[in-house]
Amino acid sequence: METLKKIISSIDHKGYKAYKQLKGKYDFGDFILYVDYVQGDPFATPSRLRVRVLQHTAGFDQKLFSNHSRKTALEDYISRAFNSSIKKECRGNRGTGKSGLIAIDSGKQEILQRTSCVIDKDFVEVRFYAGLPARGRTILGDHCLEMLTGEIPKITRSSMLERSLDTKEIIRHIEVCEDQDFIRNILRENKIVSFIRNGSILPRRSGISESPLPISEAVAFKSPPQLEITLEAPNAGKITGMGIPPGVTLIIGGGFHGKTTLLKAVERGVYNHIPSDGREYSVTVGSAVKIRAEEGRNIQKVNISPFISNLPFGRDTVKFSTANASGSTSQAANIIEALECSAELLLLDEDTSATNFLIRDEIMQKIVPKNKEPITPFIDQVHNIYQKLGTSSILVMGGSGDYFEVADTVIMMDSYQPFLVTEKAKEIIQSRKDLRTVETPDSFKPVTGRIPLPSSINPYRRGRKKVKSMGLDNIIFGFYDIDLSAVEQIVDTSQVNAISDIIIYALGKKYIDGKNTITAALEMVFKDIEKSGLDIISDFRGQHPGSYAMPRKFEVAAALNRLRTLKVLHKI
Ligand code: ADP
Ligand code: MG
């Protein structure tokens, strides 16, 4: 620490470049501060710093991180604690640009594996950012001293030592996370694809906030008695809620009665949530994929023939490519790509679907004959997909009763409460005379894997790597943008950082080699991450790696599939 003080006083009032001298490692007695990367000017991305506390000082009981769920939850908790300590201890902006700021990448409603904190039996380490302070480009030594030798030690001591944290709260965080992973793993053996605990609060505060609607304004979830199931979680014990069985499930009901809110909860149930979220016991199989229409997207040799054939001018739909997909072709491609990654559950909402992809009623069938209509609507394939591939579907469908015929389960939302109405729906269908004709040509075949060509994936611009994520919706990748705005299960900007660097890692390791399919290549990356941690996708291993949070393979594949230069071969 004395060394650090000396350097700071020697560079005081000098030009900003002199900050580069801070790079290094400083022993504060009870922790070590690492300055890994020093920003070039006060407006640039802040400097990358780490603090490491050895376990004999930090004192975290090994039970708190004895398995992957617990470790992820504890790391997540410490990142959040570090963030709250920053809010308390850091004075914030002092000087030009980002001068004086201290920041860490900590989670929101989800508990995700991320690189901002790592813990093991030897130490706990937090990776964060600091805007080294300057007036213009002149170093403000006093402020720098205050930040690095005053605030950072206080933040570290109040958030990285077991004894300065609330043990009960830590345990709750860990146990709730562990329960969610556990439940996700036992869904299949309980013959359900999604579970929503009674008492859950599903609605969110607003269209722009993922925090829960205040309890006073929300109707708590209560399962219809026929779908009620009790599971045994390792920490919470017996928990009761609604189990959605495999097969084809419809969520029906009047507008504004909570259909989309229920589907969203199912969709987000692929991730673990924090204890106060309201959806912390809403758990869905990890391979559930939200499917929507996405006009204008790029499609590269996707076999959409189960849904689309006989296009004008004999256009190929077995290897369908376009730079500008329509609503229906994009939705078809989204389904096939999800199945290519072995999705076990498809989630569709009428709000974000192409009508002509979902349904063609009997009247339309009479006027436009099948040979003039390229689309086989989803209604005629949804059951085949379940029969042949074992992939279930949950659809929000307020507008068409035709789906009753193919549904195994019909849930009606009425004033935010679910009711099971399968029987009634089947009765209505049976009494109907003008049934539509089923248009399934031949039943659903396994999806062909596609092999990405490495030469078609170029993160470089004039010899320099140019990759930058822009919020949740966009990645600048070499000369092109990848539009992720329709990939709804990306929930954290740090997942977007990880997605682009996973693609680059897969190229570097030659997992994308012109022979492996997209899924095979991604599985290799995920195996490496499982073995060596998420740090491995960074160029700065062993230092502050940057901010990454774990995405699923579906979202990485989705990004690759939306890269407009991508070229693929079909696996034979
Ligand atoms: P639908 O898809 O049936 O039209 P939404 O799911 O979009 O309905 O919900 C309509 C509105 O009701 C939204 O503002 C939503 O936040 C709110 N809402 C949904 N579920 C609940 C609930 N359980 N308690 C209170 N408000 C809810
Ligand atoms: Mg809706």
Side-chain angles (χ1 to χ4, degrees), residues 108-110 194-225 227-228 239-244 248-270 273 275-284 288-295 327 331 334 345-359 378-379 382 393-404 407 409-422 424-425 485-486 488-489 491:
K108 299 196 173 69
Q109 297 307 112
E110 296 81 17
S194 186
F195 174 81
I196 296 176
R197 188 184 188 171
N198 289 343
S200 293
I201 301 298
L202 306 186
R204 300 295 97 188
R205 187 175 282 270
S206 75
I208 52 162
S209 167
E210 275 296 312
S211 52
L213 196 65
I215 294 187
S216 56
E217 296 167 39
V219 177
F221 188 83
K222 175 85 176 74
S223 172
L227 292 179
E228 210 160 73
I239 52 173
T240 301
M242 179 171 86
I244 302 180
V248 179
T249 300
L250 290 190
I251 301 172
I252 64 164
F256 222 67
H257 276 260
K259 302 183 297 296
T260 294
T261 304
L262 173 59
L263 191 79
K264 277 263 161 218
V266 171
E267 175 184 325
R268 293 299 177 99
V270 302
H273 289 96
S276 59
D277 179 78
R279 301 167 299 184
E280 63 270 33
Y281 282 96
S282 294
V283 179
T284 303
V289 180
K290 177 69 177 290
I291 301 291
R292 53 171 290 169
E294 191 182 347
E295 253 183 84
Q331 200 157 5
N334 286 348
L345 176 62
L346 304 175
L347 306 170
L348 288 82
D349 192 327
E350 59 183 358
D351 293 352
T352 49
S353 292
T355 309
N356 60 346
F357 181 75
L358 291 184
I359 190 69
F378 190 63
I379 185 171
V382 64
S393 294
I394 302 177
L395 288 103
V396 166
M397 247 304 174
S400 165
D402 284 334
Y403 268 88
F404 288 170
T409 307
V410 183
I411 298 167
M412 182 168 81
M413 294 305 289
D414 184 352
S415 309
Y416 311 133
Q417 289 291 9
F419 296 88
L420 187 75
V421 296
T422 315
K424 197 168 168 195
S485 51
E488 294 183 55
Q489 284 165 299
V491 296

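Order of listing sets the numbers, starting from 1, for every ligand and every atom in it. Here the structure is a predicted model, which means the values were calculated and not measured.
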A.B. asks: Which of the atoms of ligand 1 are close to G254, meaning less than 4.0 Å from one of its heavy atoms?
C.D. replies: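 Here the atoms of ligand 1 in question are 3 (O).
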A.B. asks: Any nitrogen or oxygen of A218, main chain or side chain, under 3.5 Å from a nitrogen or oxygen of ligand 1?
C.D. replies: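 Checking ligand 1 against A218, no N or O pair falls under 3.5 Å apart.
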A.B. asks: Does any N or O atom in R204 lie less than 3.5 angstrom from one in ligand 1, N or O only?
C.D. replies: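 Looking only at distances, the answer is no, because the N/O contact criterion of under 3.5 Å is not met.
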A.B. asks: With a cut-off of 4.0 Å, which atoms of ligand 1 are near a heavy atom of L213?
C.D. replies: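 Near L213, meaning under 4.0 Å from one of its heavy atoms, ligand 1 has 25 (C), 26 (N).
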A.B. asks: Using heavy-atom distances only, which candidate in S200, P203, G258, S415 approaches atom 16 (O) of ligand 1 most closely?
C.D. replies: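 It is P203 whose heavy atom sits nearest to atom 16 (O) of ligand 1.
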A.B. asks: Which distance, rounded to the nearest 0.5 Å, do you find between the CG of L358 and the CG of D402?
C.D. replies: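 One gets 11.0 Å once the value is rounded to the nearest 0.5 Å.
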A.B. asks: Suppose we measure from atom 23 (N) of ligand 1 to each protein heavy atom; which comes out shortest, and what is that distance?
C.D. replies: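 For this ligand atom, the closest protein heavy atom is V219 O, 2.9 Å.
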A.B. asks: Checking the side chain of K259 only, and the main-chain atoms of G253 only, is there a donor and an acceptor separated by less than 3.5 Å?
C.D. replies: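 A pair under 3.5 Å: yes.
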A.B. asks: So, the side chain of E350 versus the backbone of G398: is there a donor-acceptor pair under 3.5 Å, distance only?
C.D. replies: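 A pair under 3.5 Å: yes.
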A.B. asks: Counting backbone and side-chain atoms alike, is an N, O or S atom of T260 positioned under 2.8 Å from the Mg ion (ligand 2)?
C.D. replies: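 Within the cut-off used here (under 2.8 Å), T260 does place an N, O or S atom near the Mg ion (ligand 2).
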A.B. asks: Nearest 0.5 Å please: distance from the CZ atom of R279 over to the CD atom of E110.
C.D. replies: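 Rounded to the nearest 0.5 Å, the CZ-CD separation comes out at 6.5 Å.
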A.B. asks: Report yes or no: does E488 contribute a side-chain atom to a donor-acceptor pair with the main-chain N or O of K264 at less than 3.5 Å?
C.D. replies: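 Absent.
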A.B. asks: Locate the shortest heavy-atom distance separating A354 from G327; write the atom from each residue and the value.
C.D. replies: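 The pair with the smallest heavy-atom distance is CB-C, 3.7 Å.
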A.B. asks: Mark yes or no for whether N334, through its side chain, and I291, through its backbone, hold a donor-acceptor pair below 3.5 Å.
C.D. replies: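 Side chain of N334 to backbone of I291: no pair is present.
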A.B. asks: When you compare the side chain of K424 with that of M412, does any pair of heavy atoms fall below 4.5 Å?
C.D. replies: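 A side-chain contact under 4.5 Å is absent here.
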A.B. asks: Looking only at protein heavy atoms, which one is nearest to atom 9 (O) of ligand 1, and what is the separation?
C.D. replies: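 Going atom by atom, the protein heavy atom closest to atom 9 (O) of ligand 1 ends up being T261 OG1, 3.6 Å.
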A.B. asks: Does one side chain, of T240 or E228, offer a donor that lies under 3.5 Å from an acceptor on the other?
C.D. replies: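 E228 and T240 do not have a side-chain donor-acceptor pair below 3.5 Å.
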A.B. asks: Can you list the ligand 1 atoms lying under 4.0 Å from a non-hydrogen atom of H257?
C.D. replies: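 By the 4.0 Å cutoff, the relevant atoms are 1 (P), 3 (O), 8 (O).
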A.B. asks: May I ask you to check whether K259 has an N/O atom sitting below 3.5 Å from an N/O atom of ligand 1?
C.D. replies: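 Between K259 and ligand 1 (N or O atoms, distance only) the closest approach is under 3.5 Å.
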A.B. asks: May I ask you to list the atoms of ligand 1 that are less than 4.0 angstrom from any heavy atom of G255?
C.D. replies: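 Here the atoms of ligand 1 in question are 4 (O).
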A.B. asks: Looking only at N, O or S atoms, find the one in D351 nearest to the Mg ion (ligand 2) and name it.
C.D. replies: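 Output for this pair reads OD2.
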A.B. asks: With respect to T260, determine whether any N or O atom, backbone or side chain, lies less than 3.5 Å from an N or O atom of ligand 1.
C.D. replies: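 Between T260 and ligand 1 (N or O atoms, distance only) the closest approach is under 3.5 Å.
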A.B. asks: Determine yes or no for a side-chain-to-main-chain donor-acceptor pair under 3.5 angstrom, with D349 supplying the side chain and V396 the backbone.
C.D. replies: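 Checking the backbone N and O of V396 against the side chain of D349, no donor-acceptor pair under 3.5 Å is found.
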A.B. asks: Test your reading of the structure: does L262 have an N or O sitting under 3.5 Å from an N or O of ligand 1?
C.D. replies: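 Among all N and O atoms of L262, none is under 3.5 Å from an N or O of ligand 1.
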A.B. asks: Which heavy atom of the protein is the closest neighbour of atom 4 (O) of ligand 1, given with residue, atom name and distance?
C.D. replies: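 Sorting protein heavy atoms by distance from atom 4 (O) of ligand 1 puts F256 N, 2.7 Å first.
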A.B. asks: For F357 and F378, take the angle between the two ring planes, folded into 0 to 90°, and tell me which bin it lands in: parallel under 30, tilted 30 to 60, perpendicular over 60.
C.D. replies: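 Rings of F357 and F378: parallel, under 30°.
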A.B. asks: E217 heavy atoms, cut-off 4.0 Å: which ligand 1 atoms fall inside?
C.D. replies: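 The atoms of ligand 1 under 4.0 Å from a heavy atom of E217 are 25 (C).
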A.B. asks: Look at atom 20 (N) of ligand 1 and say which protein heavy atom is nearest, naming residue and atom and giving the distance to 0.1 Å.
C.D. replies: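 Sorting protein heavy atoms by distance from atom 20 (N) of ligand 1 puts Y416 CD2, 3.4 Å first.
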